[in-house]
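As structure tokens, the structure follows; a few thoughts come after it.
Along the sequence shown, residues carry numbers from 1. Side chains are part of it too, since the values below use all heavy atoms of this structure and drop only hydrogens, waters and symmetry mates.
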Amino acid sequence: MIVIPAIPLLISAAIGFYSFAGASKQFATSSIRQAAVDRAKLIDEFLHERRSDLESFLALIPADNPAGSAAAEEVAAWLRVGGQVFQDMGLIDPNGRHAAYVGPFGLADKNYKDADWYKETLDNGFYISDVFLGYRKVPHFIVAVVRRINGQAWVLRATVNPTFFGNMVNAPGIGDSGEAYILNLEGVLQTSRRSGGALLERDAYPYPAQEENLVSFTGSDGGEDYLFASARLNDGNWRLVVRQKKEEAFQPVLMASYTVIVVLLCGGGVIIVLALIVSRRLTETLRTQAEAVSKLEAQLLQAARLAELGEMAAGFAHEINNPLQIMKTDLALLELTLKDVTDVCANREACDELKEIADQFQVQIGRCAAITREILRFGRQDAPQVQDVDLTDFLPKVGSMIRNKAAVNGIEVTCEVKPDIPAVLADPGQLQQVMINLLNNAIHAVVDRHGAKGGRIDVEARRDERGWAVVTVSDNGCGINQESMSKIFMPFFTTKAPGQGTGLGLSVCHSIIDSLGGELTVESAKGEGTTFTVRIPGKDA
């Protein structure tokens with residue numbers, strides 16, 4: 001009992017460790033890849049927004065006087081709008097000179113006509129440069145856009161604050177050892193690196209080719225093992241690298257090892273305790289299951305007895321029908337005789353009374369014949385014969401079968417069928433079985449609450465908006481508690497006392513309605529009553 005559970009514990013621990021280790025490594029790789037994707041998206045959006053800002057500013061220049069006296073004031077206002085993002089800004093005329101410049105670097109008289117970035121801007125419509133020194137001899141990069149006014153190119157150039165940009169790239173959020181930096185196509189750092197590496201230094205690490213938008217790999221740099229992820233930036237001109245020490249990235253794997261050891265130690269102790277508890281409870285469970293099986297067998301036996309009783313009832317109805325036919329024939333002969341006697345009868349009052357008695361016999365014999373006919377149809381076990389069922393005629397007949405039983409218990413039964421209710425496709429015997437079961441259950445519930453006085457059962461039938469037939473059976477009986485509501489359609493579940501029901505009726509009803517493509521639902525409140533609702537698709541729905 002103790003050794004056997006220990007074997008799966010060890011196997012589970014080993015499998016769990018290797019699975020967790022693999023999942024942790026995959027998670028670490030996915031995390032750093034996601035960090036690269038998120039940061040690359042942030043940076044690309046930043047560069048796109050700066051370009052959009054400059055294009056918006058440049059669109060404000062009046063076409064009739066782009067180099068007017070107000071140009072410097074406009075550029076200064078634009079620089080203020082840019083906040084801490086831009087260091088300086090300049091409007092360059094078609095000759096490559098500053099028409100207006102605002103900034104601390106004294107570049108107002110510079111001519112950029114031969115500068116590579118100026119030519120790229122004219123060719124492409126915009127330009128984002130690598131970090132370079134330029135006239136100011138300070139590392140920086142620029143964003144420039146062009147607008148053609150009267151056929152001439154005007155360029156708006158702004159310098160991005162390298163400190164602001166570097167802080168955005170290398171923002172925390174990748175663990176204690178994680179860092180992010182940007183390289184250009186030549187492997188030159190475009191932002192400083194936290195672990196060492198200044199702007200415009202060449203990174204000597206042999207990075208693999210950026211053949212996809214996102215790649216991940218591992219490697220050693222400066223004696224440390226790293227997990228890398230890199231993504232394309234700036235239309236492929238830059239490369240964002242995110243890296244984290246493997247020791248930190250894969251720390252959950254080490255923690256998993258310790259966890260496995262602790263689990264094994266604790267699990268061994270738990271197994272010993274559980275072995276004692278389980279053995280005791282197993283015995284109790286087997287005893288309980290044996291009792292449940294015995295109870296189920298008794299219910300099945302009772303169901304078989306009721307089935308046999310149903311067959312016998314059908315036989316009784318058949319046998320009763322024969323003498324009824326003889327009585328009906330004799331009654332017809334009696335009526336003929338009475339008719340002949342009435343013409344010469346001296347006691348007219350006695351003759352009328354005899355005729356009235358004969359008429360009453362005729363009514364009661366017809367009633368008995370109708371009841372036996374319904375019993376025979378209900379007890380027939382032929383294969384289902386699906387046919388059109390007119391509920392305006394069918395439901396009142398079913399109600400008449402239980403009306404006397406209800407009246408004996410002081411229960412008033414009403415049946416209201418709307419004239420527009422659609423015909424349904426169903427087996428009449430099965431549908432009759434459903435309705436009789438629901439009505440019998442309602443009678444039992446009403447008697448349990450009211451005894452022989454004050455009970456009421458209402459049957460209503462109507463058409464719904466889908467063209468389905470909706471039949472409700474409502475009673476003011478004892479109701480069903482919430483715990484039983486979830487079980488009433490389960491086979492052999494019953495709230496009745498032993499010997500008063502098998503718990504198969506509602507289960508069978510549910511199966512029959514479900515086979516017709518319909519729905520059987522219930523609403524009830526303990527001590528208030530119950531409503532069963534049968535929904536069946538109309539013939540033309």
Side-chain angles (χ1 to χ4, degrees), residues 44 46-79 82 85-166 182-191 198-202 233-239:
D44 270 333
F46 171 82
L47 296 175
H48 179 75
E49 288 174 359
R50 302 292 76 75
R51 173 187 167 188
S52 298
D53 289 344
L54 295 184
E55 289 175 344
S56 300
F57 296 155
L58 191 55
L60 297 175
I61 294 178
D64 55 349
N65 188 21
S69 58
E73 295 180 2
E74 289 289 341
V75 173
W78 297 340
L79 184 61
V85 176
F86 296 130
Q87 284 187 313
D88 68 357
M89 189 177 295
L91 177 64
I92 301 172
D93 65 20
N95 297 319
R97 292 185 177 276
H98 272 128
Y101 171 78
V102 178
F105 299 107
L107 303 177
D109 59 343
K110 298 300 180 182
N111 190 320
Y112 297 101
K113 190 170 186 179
D114 297 325
D116 291 338
W117 69 263
Y118 182 77
K119 296 176 182 178
E120 290 279 353
T121 304
L122 295 181
D123 291 340
N124 300 326
F126 75 97
Y127 184 68
I128 299 175
S129 73
D130 285 347
V131 176
F132 66 106
L133 295 177
Y135 291 125
R136 66 193 74 182
K137 305 303 179 184
V138 175
H140 67 286
F141 76 95
I142 64 169
V143 180
V145 297
V146 64
R147 176 188 172 193
R148 296 194 177 275
I149 302 175
N150 300 324
Q152 294 183 315
W154 289 78
V155 175
L156 182 61
R157 174 203 59 79
T159 302
V160 176
N161 186 329
T163 302
F164 178 88
F165 185 69
I182 296 176
L183 302 171
N184 66 7
L185 296 178
E186 286 75 37
V188 176
L189 286 166
Q190 303 298 291
T191 60
L199 279 173
L200 297 181
E201 283 189 8
R202 182 175 295 277
L233 277 179
N234 190 18
D235 296 327
N237 295 316
W238 290 350
R239 178 179 193 170

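- Here the closest non-hydrogen pair linking Q87 and N161 is CG-CA, 3.8 Å.
- Surrounding CG of D116 are at most 12 heavy atoms belonging to other residues, nucleotides or ligands under 6.0 Å away.
- Residue W154 comes nearest to A99 through the heavy atom pair CZ3-CB, 3.8 Å, listed as atom of the first residue, atom of the second, then distance.
- Here the CE atom belonging to M89 is positioned 9.0 Å from the CZ atom belonging to R157, to the nearest 0.5 angstrom.
- Taken from CD in E74 to CG in L156, the straight-line distance is 11.0 Å, to the nearest 0.5 Å.
- A donor-acceptor distance shorter than 3.5 angstrom exists from the side chain of N184 to the backbone of G187, with no hydrogens or angles considered.
- The main-chain N or O of G96 is found under 3.5 Å from a side-chain atom of D93 such that the two form a donor-acceptor pair.
- Under a 3.5 Å cut-off, the side chain of T191 and the backbone N or O of I182 do form a donor-acceptor pair.
- In plain terms, the two heavy atoms of A153 and V146 that are nearest each other are CB-CG2, 3.8 Å.
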With side-chain contact (heavy atoms from CB on, under 4.5 Å) as the test, would you mind laying out the steps for L91 and L58 before giving the verdict? CA-CA 9 Å; L91 177 64; L58 191 55; 3.8 Å; yes

Do R97 and I92 pass the side-chain contact (heavy atoms from CB on, under 4.5 Å) test, and can you show the C-alpha distance, the side-chain angles, and the key distance before you say yes or no? CA-CA 5 Å; R97 292 185 177 276; I92 301 172; 5.7 Å; no

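- Y135 and Y112 have tilted rings, their planes meeting at an angle from 30° to 60° on a 0 to 90° scale.
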Yes or no on side-chain contact (heavy atoms from CB on, under 4.5 Å) for V160 and I142, after CA distance, side-chain angles and deciding distance? CA-CA 6 Å; V160 176; I142 64 169; over 6 Å; no

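- Atoms CH2 and CG, on W117 and L122 in that order, are 9.0 Å from each other to the nearest 0.5 Å.
- The only option from L200, L199, L183 that meets the side-chain contact (heavy atoms from CB on, under 4.5 Å) definition with L189 turns out to be L183.
- Between D88 and P104, some side-chain heavy-atom pair lies under the 4.5 Å cut-off.
- For the residue pair L60 and R147, the shortest heavy atom distance occurs at N-NH1, 4.4 Å.
- Interatomic distance, I128 CD1 to H48 NE2, rounded to the nearest 0.5 Å: 10.0 Å.
- When every heavy atom of R50 is checked against every heavy atom of V85, the shortest pair comes out as CD-CG1, 3.2 Å.
- Under the 3.5 Å distance criterion, with hydrogens and angles disregarded, a donor-acceptor pair is assigned to the side chains of T159 and R136.
- For the atom pair F165 CZ and H140 NE2, the distance stands at 14.0 Å (nearest 0.5 Å).
- Taking the ring centroids of Y118 and Y127, they lie at or beyond the 6.0 Å cut-off.
- A distance of 12.0 Å separates CZ in F126 from CG in L54, rounded to the nearest 0.5 Å.
- L133 has its side chain out of reach of V138: every pair of non-hydrogen atoms, C-beta onward, lies at least 4.5 Å apart.
- Two residues are said to be in side-chain contact when any heavy atoms from C-beta on lie closer than 4.5 Å; L233 and D44 meet this criterion.
- Between the H98 side chain and the L107 main chain, a donor and an acceptor come within less than 3.5 Å of each other.
- In this structure, the side chain of D123 does not engage the main chain of E120 through any donor-acceptor pair within 3.5 Å.
- The two atoms that bring F105 and Y101 nearest to each other are N-OH, 3.4 Å, heavy atoms only.
- The six-membered or imidazole ring of F141 lies near that of W238, with a centre-to-centre distance under 6.0 Å.
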